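Here is the structure we will look at, set down as structure tokens.
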Amino acid sequence: MGVSGVRAAGPLTTRVLTLDSLVRLKRAQRMPEAASGRIPLPDGMTVPLGCDAVVAPSRYGPLLLPRLPRVGCVYADRADWWWIVPCDSDVALEWPAPARYVPGALVPDAPDTPELIHRPKDGVPYTPPIPLYLALCRVTGTTPAWSRPLSA
């Protein structure tokens, strides 16, 4: 058993739970089974990796688009743009403020529901999270977490 796993044993099975598995289990405990406030994906989209969102103020949206190698489903309301990313795209990332990471792509109770403003040609709704993270860092003037100096 490695340092990164926890051994879970049952009467007939033994399996190793990795840190990723533990994060997913914790998130599953917090997420309602059928959340009604989720951003509705267009028909024909497949979400093999689940669905979360990164929300950024609308002033950043047009600055981000040309910096991305692929743009998935993007939604907008009066204040924000919502970028669909795979579940757990926040693991080991500190998304730069004023952006926020929203597990489950849940929309808070608000007068405006985000509307679809970009749909990819294929059936996959995701914007790749690492290029989105780097583009957000660039437009917000934030140093990516892995490039910051370590303190003692």
Side-chain angles (χ1 to χ4, degrees), residues 2-5 17-152:
V3 174
S4 64
L17 298 176
T18 64
L19 181 57
D20 289 339
S21 299
L22 294 172
V23 168
R24 287 172 211 254
L25 287 171
K26 181 66 174 171
R27 181 161 291 150
Q29 289 175 339
R30 291 187 313 214
M31 297 295 298
E33 195 63 33
S36 61
R38 287 185 202 269
I39 292 177
L41 294 177
D43 290 338
M45 291 283 155
T46 59
V47 288
L49 304 174
C51 195
D52 289 345
V54 174
V55 184
S58 59
R59 69 182 179 272
Y60 293 118
L63 301 172
L64 294 169
L65 283 174
R67 297 176 184 274
L68 297 170
R70 179 187 194 284
V71 178
C73 288
V74 181
Y75 295 78
D77 58 24
R78 290 182 184 187
D80 299 308
W81 282 29
W82 300 68
W83 306 80
I84 301 301
V85 294
C87 280
D88 301 326
S89 293
D90 62 333
V91 174
L93 283 180
E94 295 174 29
W95 288 87
R100 339 181 276 288
Y101 189 83
V102 182
L106 297 174
V107 180
D109 293 331
D112 296 325
T113 301
E115 293 184 29
L116 183 67
I117 61 169
H118 182 271
R119 177 187 175 143
K121 290 181 174 44
D122 61 17
V124 181
Y126 307 126
T127 295
I130 298 299
L132 179 59
Y133 172 80
L134 292 171
L136 274 165
C137 286
R138 181 71 169 200
V139 301
T140 61
T142 304
T143 302
W146 54 74
S147 297
R148 294 181 198 142
L150 297 174
S151 60

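The structure presented is a predicted model; accordingly, all values stated were derived computationally and were not measured.
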Practice item. Return the minimal non-hydrogen interatomic distance between Leu116 and Pro42, and the atom names on each side. Key: CD2-CG, 3.6 Å
Revision key, fill the gap. Separation between SG (Cys51) and CZ (Arg38), nearest 0.5 Å, reads 7.5 Å
Review point. Can you check whether Asp88's main-chain N or O pairs, donor with acceptor, with Asp52's side chain at less than 3.5 Å?
Key: yes
Check your understanding: Going by the angle between their ring planes, with limits at 30° and 60°, are Trp95 and Tyr133 parallel, tilted or perpendicular?
Key -> perpendicular
Point to revise | Polar side-chain atom of Tyr60 near backbone of Ala99 as donor-acceptor pair, under 3.5 Å | key: no
**Study point:** Heavy-atom check, side chain of Val54 versus side chain of Pro129, under 4.5 Å
**Key:** no
**Study point:** Side chain proximity check, Pro48 to Tyr126, heavy atoms < 4.5 angstrom
**Key:** yes
Practice item. Could you tell me the separation between the CG atom of Leu93 and the CG atom of Leu132, rounded to the nearest 0.5 Å? Key: 10.0 Å
Check your understanding: Which residue pairs pass the side-chain hydrogen bond (donor to acceptor under 3.5 Å, both in side chains) test with at least one member in residues 134-143, sequence neighbours excluded?
Key -> Thr140-Thr142
Point to revise | Heavy-atom pair with the smallest gap, counting every atom of Cys137 and Pro144 | key: SG-CA, 4.0 Å
Would you list the atom pairs, donor with acceptor, under 3.5 Å between side chains in residues 79-87 and any protein atom, with sequence neighbours excluded?
| unit_1 | atom_1 | unit_2 | atom_2 | d |
| --- | --- | --- | --- | --- |
| Trp82 | NE1 | Asp77 | OD2 | 3.4 |

**Study point:** Selection residues 65-75 - residue pairs positive for side-chain hydrogen bond (donor to acceptor under 3.5 Å, both in side chains), sequence neighbours left out
**Key:** Arg70-Asp122
Exercise for review: State, yes or no, whether a side-chain contact exists between Cys73 and Pro120 at a heavy-atom distance under 4.5 Å.
Suggested key: yes
Review point. CG/Asp43 to CZ/Arg119 distance, rounded to the nearest 0.5 angstrom?
Key: 7.5 Å
